[in-house]
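Here is the structure we will look at.
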Amino acid sequence: MHGERPVVPGSRTTHDRNVCLRHRLWIGDGITNADEQVDVSRLPDALQAQRHHRNLIARHGRRWVRSAYPDARKIYFTWLQSTADLFDLLDTASRLLATGTGKPPPRT
């Protein structure tokens, strides 16, 4: 979002501010100061998810999306824990960030 405020130390982001699309930085959960922001420009799915979230707000309203957000997170993390290997996820994420393509490189 153009003109989005940077994260201020000690502030909290809201459900609709996880990724700064203008700067392509993660500003959501876990970020307490600007030095901790992570470049997500190599993760197009994260950028697309933020755009989709904004579209849901435009279509259904902030109140509806905000009320659904905690349940959606709970469902996602429950699914993730039951279907994915954490170390494989971390390996994939590091490979995605290392290649710069946003696509996982073939396993060697």
Side-chain angles (χ1 to χ4, degrees):
M1 292 180 194
H2 183 69
E4 188 163 353
R5 296 183 321 234
V7 172
V8 176
S11 69
R12 289 191 37 90
T13 59
T14 59
H15 70 92
D16 58 328
R17 293 188 61 213
N18 286 308
V19 175
C20 173
L21 293 172
R22 179 178 183 206
H23 298 106
R24 297 178 174 187
L25 293 172
W26 178 262
I27 59 172
D29 285 348
I31 304 300
T32 58
N33 64 63
D35 292 337
E36 295 174 347
Q37 294 173 348
V38 177
D39 179 358
V40 294
S41 60
R42 296 178 178 176
L43 303 173
D45 288 345
L47 300 169
Q48 183 58 34
Q50 182 66 40
R51 286 186 200 96
H52 183 66
H53 191 78
R54 277 193 346 198
N55 291 341
L56 285 172
I57 291 170
R59 186 176 309 127
H60 300 288
R62 187 173 305 279
R63 182 179 295 167
W64 182 87
V65 174
R66 181 179 55 236
S67 68
Y69 189 75
D71 289 336
R73 281 180 56 97
K74 201 177 296 179
I75 290 166
Y76 171 74
F77 284 114
T78 299
W79 170 82
L80 188 63
Q81 288 174 344
S82 67
T83 62
D85 174 12
L86 178 60
F87 292 106
D88 185 49
L89 287 173
L90 293 173
D91 179 56
T92 300
S94 66
R95 288 184 300 122
L96 280 169
L97 291 170
T99 64
T101 64
K103 303 282 185 213
R107 288 187 178 261
T108 55

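With rounding to the nearest 0.5 angstrom, the CD1 atom of Ile57 is 10.0 Å from the OH atom of Tyr69. With values rounded to the nearest 0.5 angstrom, Leu21 atom CG is found 9.5 Å from Gln48 atom CD. Taken to the nearest 0.5 Å, the CZ atom of Arg59 stands 13.0 Å off from the CZ atom of Arg54. Separating the CZ atom in Arg24 from the CG atom in Leu47 is a distance of 5.5 Å, to the nearest 0.5 Å.
Residues passing the salt bridge (Lys or Arg N to Asp or Glu O under 4.0 Å) test with Arg73, sequence neighbours excluded: Asp29. Checked against side chain to side chain donor-acceptor pair (under 3.5 Å), Glu36 has the following partners two or more places apart in sequence or in another chain: Thr32. When the ring pair (Phe, Tyr, Trp, His ring centres under 6.0 Å) test is applied to His52, no partner is found at least two apart in sequence or on another chain. Legend: residues meeting side chain to side chain donor-acceptor pair (under 3.5 Å) with Ser67, ordered by chain and number and at least two apart, are absent.
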Would Val40 and Gln50 count as a side-chain contact (heavy atoms from CB on, under 4.5 Å) here? Give the steps.
CA-CA 11 Å; Val40 294; Gln50 182 66 40; over 6 Å; no
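Between Trp26 and Ile31 the shortest heavy-atom distance is CD1-CG1, 3.5 Å.
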